[in-house]
Amino acid sequence: MEITKREIFHQKELSEDETNPWQNALIQLNEAAKVINLDNNILKILERPATTLITTFPVTMDDGSIEVFEGYRVQHNMSRGPCKGGIRFSPSVNIDEVKALAAWMTWKTAVTNIPYGGAKGGVVVDPSKLSQSELQRLVRRFTYSIISLIGPNSDIPAPDINTNPEIMAVMMDTYSMIKGHTELGVVTGKPIEVGGSLGRKEATGRGVYITMEEALHQQNKQCCDGVKIAIQGFGNVGSHFARIAYENKAKIIGVTDIFGGVYNPNGLDIPDLISYVENSGKRSVVGYPGADPLPQADIFSLDVDVLAPCALENQITTSNAEIIEASLIVEGANGPTTPRADKILNERGIVVIPDILANAGGVVCSYFEWVQSLQSFFWSDDQVNNALSNILIKSFKEVNLYKSRYNIQDLRTAAMCLAVNRVAKAIKLRGIFP
Ligand code: GLU
């Protein structure tokens, strides 16, 4: 008898590698499925992405040579609405990572109850090695390669690691040129001048701040006078989170990025650090004069109240979960904690606000941008930020209610249970075609 992958999974023959994101996404799903006693037929659907597109495409380089790149678009599930999720450019991106990120988008949109399914895309490329015109040709050709999937009613890309509003503008333009009319709603995270939303750029960082504030209030702590924070990652998520926390009087004592880190026990001057990163030409916190150097690995053991991993997957693992001093972890990144590390953190009583809730501010604001783009009617800063806080605070409360009602130990499992339940209900109500 042939043993299917699913049976292998249920026999717990998982690989020793704790850092395969797709395996980790399946572990999290199965954990939630057990708690809510999910119908096995629904689990079978959710354990596989609905569509996986792998494309190789040529790009003409400035010197006339041709490079062939590999790209992906994965749609995990679309039962609750069009698929939604970013596109990352990275030399290490691979299909298992994109599958996991697509599934996490399904849960993220469900936990915040916005009308989307989950998707993600990626291209294996280091964009810093390309000229502006090479990058533009790559973006256009990749958009063309995934055009059968994307669209304002089917699948709406957005920025992620190493992609930005300018790249979204080019994706929107490519799609629009091919369709013969301007279609603002096909991507989000666009520049304001071409249908972007106010507040979108800082929305993920703002959401990390909002969920941290809620969790601190729950622990009867004042937010954020004197709250000590360590941040891993100082890109679009980490830097905006740092700025908003700083404006609310938090003390950010350590920050690391891909090049190194900085430490100041009295608190870093975040606006000054941001302008150093922007103006020093290095695009890094390294060498900032108002602080001491900090080795990257030391960010986890700093004596802080809050640790915010805002970089990549698999940063908190069995090798460092024991040394974390923070009592609260807010996951600005997607998948920064492995399931094995999660177990250690839970046993140690460290509260983790999971990625699908903590960093959902980006996609929630993308939802506002999409609505504005479809209606060609644009909101004020205040409208965006109020709507964002309302949705995130409501989601935070709903996850906590789920946690206590079902006697669940940790917020990740509670958030997953809430999300999986919503998706399962949608699948059941719609029924299976044909
Ligand atoms: N890439 C972001 C995320 O991981 C945003 C996705 C979106 O706005 O669609 O949540």
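Both ligands and their constituent atoms are indexed starting at 1 by order of listing.
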Tyr144, OH atom: more than 12 neighbouring heavy atoms under 6.0 Å: no
Close-contact set for ligand 1 against Lys108 heavy atoms, below 4.0 Å: 3 (C), 4 (O), 10 (O)
Ligand-residue contact atoms, ligand 1 with Met105, heavy atoms, under 4.0 Å: 3 (C), 4 (O), 6 (C), 10 (O)
Lys84, any N or O under 3.5 Å of ligand 1 N or O: yes
Close approach of Cys365 to ligand 1, heavy atoms, under 4.0 angstrom: no
Protein contact of atom 8 (O) of ligand 1 - nearest heavy atom, named by residue and atom, plus distance: Ser366 OG, 2.6 Å
Contact partition for Asn334 relative to ligand 1, non-hydrogen atoms under 4.0 Å: side chain
Residue that, paired with Lys221, satisfies side-chain hydrogen bond (donor to acceptor under 3.5 Å, both in side chains) out of Gln219, His217, Gln218: Gln219
Which atom of Ile391 lies closest to which atom of Thr112, heavy atoms considered: CG2-O, 3.7 Å
Closest heavy-atom pair and its distance - Ala25, Trp104: CB-NE1, 3.9 Å
Charged N-O contact under 4.0 Å between Lys394 and Glu214: no
Under 4.0 Å to a heavy atom of Gly85 - the qualifying atoms of ligand 1, by number: 9 (O)
Aromatic plane relationship, Phe57 with Phe142 - under 30° parallel, 30 to 60° tilted, over 60° perpendicular: tilted
Which segment of Arg200 sits under 4.0 Å of ligand 1 when only heavy atoms are counted: side chain
Atoms of ligand 1, numbered as shown, that sit under 4.0 Å from any heavy atom of Lys120: 1 (N), 3 (C), 4 (O)
Protein heavy-atom partner closest to atom 7 (C) of ligand 1 - residue, atom, separation in Å: Ala158 CB, 3.3 Å
Pro159, any N or O under 3.5 Å of ligand 1 N or O: yes
Residues Asn30 and Glu47: side-chain donor-acceptor under 3.5 angstrom: yes
Greater than 12 external heavy atoms within 6.0 Å of Lys249's NZ: no
